[in-house]
Amino acid sequence: MYLGIDLGTSSVKVVLMNDQQTILASSSQPLVVSRPHSGWAEQHPADWVSATSQALDDLKHRFPQELAAVKGIGLSGHMHGATLLDQSNQVLRPCILWNDTRSHVEAAELDANPLFRALSGNIVFAGFTAPKLVWVKRHEPDIFRQVAKVLLPKDYLRWWLTGEFVSEGSDAAGTAWLEVAKRQWSAELLSACDLTLEQMPRLIEGTEVSGFVRPALAARWGMEKVIVAGGAGDNAASACGMGVVKKGTAFVSLGTSGVLFAATDRYLPNPDSAVHTFCHALPSTWHQMGVILSATDALNWWSRIAQQSAAELTQQLGSILTAPASVLFLPYLAGERTPHNDAEVRGAFLRLAHDTERKILTQAVLEGVAFALKDNLLALQQAGSTLERMIAVGGGSKSPYWLKVLSTVLNVPIDLPLDNEVGAALGAARLGLIAAQGLEPLEVLTPPVIEQTFEPASALIPAYQHAYERYQQAYPALKTLN
């Protein structure tokens with residue numbers, strides 16, 4: 001048996017998988033994001049430990065024999081978070097999360113240093129880890145002086161599980177301190193933030209063994225000598241779950257954020273396009289990725305305003321794709337990453353009228369996210385990736401209407417897997433299997449069975465292209481209002 005632990009923004013999810021890669025059980029425990037100021041997003045690492053413990057306790061209660069047979073664990077987690085520990089391994093402050101944009105000034109300052117793009121292959125985005133540490137140094141100097149280790153969120157869980165300070169390339173690439181081509185920390189980039197190599201965890205590949213579960217924890221769940229794999233950042237883990245590991249394969253994620261992810265067999269940086277170029281979880285493999293900061297986050301925001309669940313709102317749109325809404329929605333609720341790299345821009349509804357109904361606004365939200373992902377598709381194409389079809393994953397993929405919109409806007413077929421457990425938790429479990437058994441990664445990381453394919457609605461492509469062009473004109477106008 002093998003476990004995949006996925007530390008998400010809104011929950012910790014643990015899946016239990018057998019040798020045949022069949023998911024036998026899962027458990028999920030909620031997490032809360034604290035937003036003490038506009039643009040801030042934080043979580044307490046102790047909450048990650050508590051939620052993970054509760055999920056494993058739940059699995060032990062329901063499946064004690066299966067949990068006792070676990071031989072490998074893989075980890076996945078939301079990226080870029082700054083988890084700061086002192087010399088006694090005590091957490092110094094709440095973790096600053098990936099969607100926290102407070103350090104946009106510091107990010108621009110680091111990005112102006114040509115070393116960062118040259119060595120990391122990426123723009124220094126406000127959400128990345130490096131500018132967060134510069135912000136802490138500038139605004140919380142007493143805390144900065146105590147920092148002994150900087151860990152990414154899933155790697156804090158690893159330390160709790162194993163006592164080892166370890167990370168891997170797919171997650172480390174999102175810090176702005178990794179020399180992505182060489183898959184190693186850059187002393188020069190760390191020095192530019194007044195940090196050292198000693199403050200970083202050691203690096204391995206996602207398919208390698210990082211350590212073993214502490215005996216006391218193993219005994220709590222009835223396990224013995226369980227390895228913990230390197231694992232992956234959440235997007236690379238999702239790719240492992242969907243078999244998106246070979247050149248030409250891709251997925252689209254409608255999660256809290258929105259992602260277009262394309263696997264590559266070479267390091268192909270193009271920071272000017274605001275595309276992320278990161279290491280994959282497999283050795284000698286990389287990926288390119290476009291990211292928007294609010295996908296289902298935008299729909300959930302509208303759900304709170306409309307006082308109906310997201311599922312109810314999307315179901316009201318029916319099953320047949322219609323022409324684009326008269327209203328435009330720009331989903332920049334927390335700023336935007338690809339392609340604008342703009343932490344300060346905010347979202348908007350445009351062209352509201354007296355006859356604008358809730359249903360139209362729901363449709364506009366879905367279309368606005370799709371248009372933002374079209375921006376990402378064009379950026380990926382500019383960066384050298386060709387995406388001829390893609391697999392859908394994430395909570396938003398449960399809406400057939402949204403997938404029809406997305407397929408038509410992007411003008412590519414979108415495959416929906418039969419099993420909805422093909423995300424990051426499954427990818428993490430697969431990495432645990434590879435590490436525990438020493439298996440060939442490509443033999444394990446195979447594509448899922450496809451339940452349904454959403455083809456572009458050819459008759460509506462011109463109308464959606466026209467709507468997208470209007471959407472493109474809106475950002476420059478909105479930008480002038482900042």
Side-chain angles (χ1 to χ4, degrees), residues 79-82 96 98-135 137-138 150 152 167-197 199-200 203 233 235-236 257 259-280 284-293 335-345 375-385 479:
M79 300 174 65
H80 315 307
I96 307 176
W98 60 274
N99 52 350
D100 186 302
T101 57
R102 77 183 72 176
S103 60
H104 62 91
V105 171
E106 290 78 10
E109 292 170 358
L110 294 180
D111 195 51
N113 180 343
L115 270 179
F116 278 89
R117 293 195 184 192
L119 295 180
S120 76
N122 292 277
I123 289 175
V124 181
F125 291 95
F128 281 14
T129 320
K132 293 179 172 73
L133 268 293
V134 177
W135 184 93
K137 178 176 182 288
R138 185 170 292 171
V150 181
L152 294 161
S167 191
E168 47 69 47
S170 72
D171 215 357
T175 62
W177 294 316
L178 193 76
E179 194 166 352
V180 175
K182 296 181 178 179
R183 306 171 83 92
Q184 65 184 27
W185 296 121
S186 167
E188 289 179 283
L189 297 181
L190 286 164
S191 178
C193 301
D194 292 323
L195 295 167
T196 66
L197 290 169
Q199 291 168 291
M200 297 297 112
L203 289 172
N235 288 301
S257 61
V259 176
L260 282 185
F261 182 111
T264 65
D265 58 0
R266 292 182 295 140
Y267 172 60
L268 295 170
N270 191 350
D272 291 341
S273 67
V275 164
H276 301 42
T277 301
F278 289 170
C279 304
H280 210 322
S284 303
T285 309
W286 288 260
H287 67 84
Q288 292 181 323
M289 186 168 65
V291 177
I292 68 172
L293 293 179
E336 193 52 294
R337 195 172 289 184
T338 310
H340 301 305
N341 186 26
D342 189 339
E344 295 185 285
V345 70
D375 280 345
N376 281 241
L377 177 63
L378 297 179
L380 281 170
Q381 291 172 344
Q382 179 186 347
S385 287
K479 176 69 173 172

For Glu188, the salt bridge (Lys or Arg N to Asp or Glu O under 4.0 Å) test, sequence neighbours excluded, returns none
Are Glu106 and Phe128 packed together at the side-chain level, in the sense that at least one heavy-atom pair is separated by less than 4.5 angstrom? no
Where is the tightest heavy-atom contact between Leu133 and Ala82, given as atom of each residue plus distance? CD2-CB, 3.9 Å
As a quick check of understanding, evaluate side-chain contact (heavy atoms from CB on, under 4.5 Å) for Trp135 and Val105, giving each step before the final call. CA-CA 9 Å; Trp135 184 93; Val105 171; over 6 Å; no
Taking side chain to side chain contact (heavy atoms under 4.5 Å, CB included) as the test, write out the residues that go with Ala274, two or more places apart. Ile123, Phe125, Thr338
Less than 4.5 Å apart, side chain to side chain, heavy atoms only: is that true for Leu178 and Leu203? yes
Non-neighbouring partners of Ser167 that pass side-chain hydrogen bond (donor to acceptor under 3.5 Å, both in side chains), sequence neighbours left out: Asp155
Distance check, rounded to the nearest 0.5 Å: His276 atom NE2 versus Asn235 atom CG? 8.5 Å
Do you know which two heavy atoms are closest between Trp98 and Met79, and how far apart they sit? CB-O, 3.1 Å
Quick one: side-chain hydrogen bond (donor to acceptor under 3.5 Å, both in side chains) partners of Gln199, sequence neighbours excluded? Thr196
Strictly distance-based, threshold 3.5 Å: is any side-chain N or O of Asn376 a donor or acceptor partner for the main-chain N or O of Val291? yes
Any donor and acceptor pair, going by atom type alone, linking the side chain of Ser103 with main-chain N or O of Ala126 inside 3.5 Å? yes
After noting the C-alpha distance and the side-chain angles of Ile292 and Ser257, does the key distance pass the side-chain contact (heavy atoms from CB on, under 4.5 Å) rule? CA-CA 6 Å; Ile292 68 172; Ser257 61; 5.7 Å; no
Quick one, Asp194 with Lys137, criterion side-chain contact (heavy atoms from CB on, under 4.5 Å). Give me CA distance, side-chain angles, the key distance, then yes/no. CA-CA 9 Å; Asp194 292 323; Lys137 178 176 182 288; 2.7 Å; yes
Is the closest side-chain heavy-atom distance between Pro131 and Val124 below 4.5 Å? yes
Tell me, which pairs form a salt bridge (Lys or Arg N to Asp or Glu O under 4.0 Å) where one or both residues lie in residues 168-181, sequence neighbours left out? Lys154-Glu168, Lys154-Asp171, Glu179-Lys182
If we only count heavy atoms from C-beta on, is the Arg117 to Asn122 side-chain gap below 4.5 Å? no
How close do Ser186 and Leu119 get, heavy atom to heavy atom, and via which atoms? OG-CD1, 3.7 Å
For Thr285, the side chain to side chain contact (heavy atoms under 4.5 Å, CB included) test, sequence neighbours excluded, returns His280, Leu282
Does the Ser170 side chain pair with the main chain of Ala236, one donor and one acceptor, at a distance under 3.5 Å? no
According to side-chain hydrogen bond (donor to acceptor under 3.5 Å, both in side chains), who are the partners of Asp100, at least two apart in sequence or on a separate chain? Arg102
With a 4.5 Å limit on heavy-atom distance, are the side chains of Lys132 and His80 in contact? yes
The side chain to side chain contact (heavy atoms under 4.5 Å, CB included) partners of Pro339 (sequence neighbours excluded) come to Asp375
Closer than 3.5 angstrom, by distance alone: can the side chain of Asn113 be matched with the main-chain N or O of Phe116 as a donor-acceptor pair? no
Name each donor-acceptor pair under 3.5 Å that joins a side chain in residues 259-267 to protein atoms two or more places apart or in another chain, with its distance.
| residue | atom | partner | partner atom | Å |
| --- | --- | --- | --- | --- |
| Thr264 | OG1 | Arg266 | O | 2.9 |
| Thr264 | OG1 | Trp286 | O | 3.3 |

Of all heavy-atom pairs linking Leu268 and Thr277, the shortest is O-OG1, 3.2 Å
What is the minimum heavy-atom distance between Ala176 and Leu189, and which atoms define it? O-CD1, 3.4 Å
Restricting to non-hydrogen atoms, name the atom on Cys193 and the atom on Val134 that form the minimum distance, rounded to 0.1 Å. SG-CG2, 3.9 Å
Quick one: side chain to side chain contact (heavy atoms under 4.5 Å, CB included) partners of Asn270, sequence neighbours excluded? Asp272, Ser273, Gln382, Ala383
State which residues pass salt bridge (Lys or Arg N to Asp or Glu O under 4.0 Å) with Glu336; sequence neighbours excluded, sorted by chain then number. none
Kindly write out the residues that satisfy side-chain hydrogen bond (donor to acceptor under 3.5 Å, both in side chains) with Ser120, not counting sequence neighbours, or none if the list is empty. none
